[in-house]
Amino acid sequence: SAILVDVRTSEEFFEAHLHEARNINWNGNDFEQKIEALDKSTPIFVYCLSGGRSSAAANKMRSDGFDHVYELEGGLMKWRVANLPEVTNTSSISTGMTKREFDGLLISDKLVLVDFYADWCAPCKKMKPYLDEISNEMTDRVVVLRINADDHQALCEQLKIDALPVLHLYKNGKLLWENTGYIDKKDVVKQLL
């Protein structure tokens with residue numbers, strides 16, 4: 001009798017979702033109206049891609065009087081890394097970059113800083129301007145690659161990227177440093193010097 005709620009966009013939901021999930025977009029204009037139609041005493045399980053939107057939605061639901069709201073920690077990204085089942089629209093999913101193609105991008109005489117991000121991710125959006133600055137200011141020593149996790153799901157699964165944002169720093173194809181979550185520019189630049 002529990003209800004499973006996917007709070008991602010309808011486009012994300014169309015591409016892949018958990019079996020029997022209902023799509024109620026956290027950022028949609030009708031989120032409050034749709035959750036008010038749910039039984040507040042029924043257990044509700046909420047998820048998104050990495051956990052940010054579902055956490056905000058779950059907190060809103062709890063403050064609106066829902067008795068039992070549970071979050072899927074790490075969202076679909078952790079679900080996928082664990083190879084758990086999901087419903088997919090195979091006609092809409094692009095496989096994205098292969099691991100071999102990714103490894104080819106790491107071959108450089110410069111450091112390679114890889115930013116795994118998503119367009120909807122607030123910390124990712126906050127980091128983008130300074131990553132662009134690093135790309136321009138340190139072009140003689142660093143290559144900055146931005147990889148959209150939504151467009152490269154298989155690659156993220158292979159690399160065990162199960163949260164966003166994630167930064168990886170490579171030298172000669174070898175991983176030197178990694179960071180999960182928001183980090184400011186000065187702390188990133190320290191790794192590049």
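The figures that follow rest on heavy atoms only: side chains count, while hydrogens, waters and symmetry mates do not.
S108 and V112 get closest at one heavy-atom pair: CB-CG2, 3.9 Å. Minimum interatomic distance between R8 and E12 (heavy atoms only, all atoms of both residues): CB-OE1, 3.2 Å. Nearest approach of P165 to P123, heavy atoms of both residues: CD-CB, 3.7 Å. Shortest non-hydrogen contact noted between E137 and D140 is O-OD1, 4.4 Å. The nearest pair of heavy atoms linking K40 to D64 is NZ-O, 2.6 Å.
Using a 4.5 Å heavy-atom threshold, the side chains of D119 and N148 count as touching. For the pair F14 and T9, the minimum side-chain heavy-atom distance is 4.5 Å or more.
Separating the CD atom in E32 from the CD atom in E36 is a distance of 7.5 Å, to the nearest 0.5 Å. If you take CG on D67 and OG1 on T42, they are separated by 9.0 Å, rounding to the nearest 0.5 Å. The structure places CD of Q158 at 8.0 Å from OG1 of T98, a figure rounded to the nearest 0.5 Å.
Residues that satisfy the ring pair (Phe, Tyr, Trp, His ring centres under 6.0 Å) test with Y47, not counting sequence neighbours, are absent from this structure. F45 meets the ring pair (Phe, Tyr, Trp, His ring centres under 6.0 Å) test with Y70; sequence neighbours excluded. Among residues two or more places apart in sequence or in another chain, the ring pair (Phe, Tyr, Trp, His ring centres under 6.0 Å) test is passed with H168 by F116, Y170. Residues meeting the side chain to side chain contact (heavy atoms under 4.5 Å, CB included) test with D30, sequence neighbours left out: Q33, K34. Residues passing the side chain to side chain contact (heavy atoms under 4.5 Å, CB included) test with S1: none are found, sequence neighbours excluded. The salt bridge (Lys or Arg N to Asp or Glu O under 4.0 Å) check on D103 picks up K99, with sequence neighbours excluded.
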Mind listing the side-chain donor-acceptor pairs of residues 75-83 below 3.5 Å, one per line with the distance, residues two or more places apart or on another chain?
residue, atom, partner, partner atom, Å
W79, NE1, L84, O, 3.4
W79, NE1, P85, O, 2.7
R80, NE, E86, OE1, 3.3
R80, NE, E86, OE2, 2.8
R80, NH2, E86, OE1, 3.0

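In this structure, R53 satisfies the cation-pi test against W120, with its NZ or CZ atom closer than 6.0 Å to the six-membered ring centre and inside 45 degrees of the ring normal.
Judged by distance alone, with hydrogens and angles left aside, the side-chain atoms of T139 form no donor-acceptor pair with the main-chain N or O of N136 at under 3.5 Å. A distance-only check finds no donor-acceptor pair linking the side chain of S55 to the backbone of G52 [under 3.5 Å]. At least one donor-acceptor pair closer than 3.5 Å links the side chain of N23 to the backbone N or O of D6.
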TODO: Mind running side-chain contact (heavy atoms from CB on, under 4.5 Å) on L49 and D150 for me, showing each step along the way?
DONE: CA-CA 9 Å; L49 187 64; D150 287 332; 2.9 Å; yes
- [ ] Determine, step by step, whether L72 and L18 satisfy the side-chain contact (heavy atoms from CB on, under 4.5 Å) criterion, reporting the C-alpha distance in whole Å, the side-chain angles of both residues, the deciding distance to 0.1 Å, and the verdict.
- [x] CA-CA 11 Å; L72 175 60; L18 300 184; 4.2 Å; yes
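For E73, the CD atom sits in a loose shell: 12 or fewer heavy atoms of surrounding residues, nucleotides or ligands are nearer than 6.0 Å.
We find that E71 and R62 are joined by a salt bridge, their nearest charged nitrogen and carboxylate oxygen being less than 4.0 Å apart.
Note on V87 and F13: separate hydrophobic clusters, where clusters join Ile, Leu, Val, Met, Phe, Trp and Tyr whose side-chain heavy atoms are under 4.5 Å apart, directly or indirectly. Cluster annotation: L105 and Y117 are assigned to distinct hydrophobic clusters (Ile/Leu/Val/Met/Phe/Trp/Tyr, side-chain heavy-atom contacts under 4.5 Å, transitive).
The salt bridge (Lys or Arg N to Asp or Glu O under 4.0 Å) pairs that include a residue from residues 104-115 are D115-R146, where partners are two or more places apart or lie in different chains. The list of salt bridge (Lys or Arg N to Asp or Glu O under 4.0 Å) pairs with a residue in residues 163-178, not counting sequence neighbours, is empty. Residue pairs meeting the salt bridge (Lys or Arg N to Asp or Glu O under 4.0 Å) criterion with at least one member in residues 122-134, sequence neighbours excluded: K128-D132, E133-K185.
Cluster partners of V7, by chain and number: I3, V5, I24, W26, F31, I35, L38, I44, V46, M61, F66, V69. The rule joins Ile, Leu, Val, Met, Phe, Trp and Tyr whenever side-chain heavy atoms lie under 4.5 Å apart. Under a 4.5 Å side-chain heavy-atom criterion applied to ILVMFWY residues, the cluster that includes I134 comprises L111, L113, M127, Y130, L131, M138, V142, V144, L167, L169, L176, W177, Y182, I183, V188, V189, L192, L193 as well.
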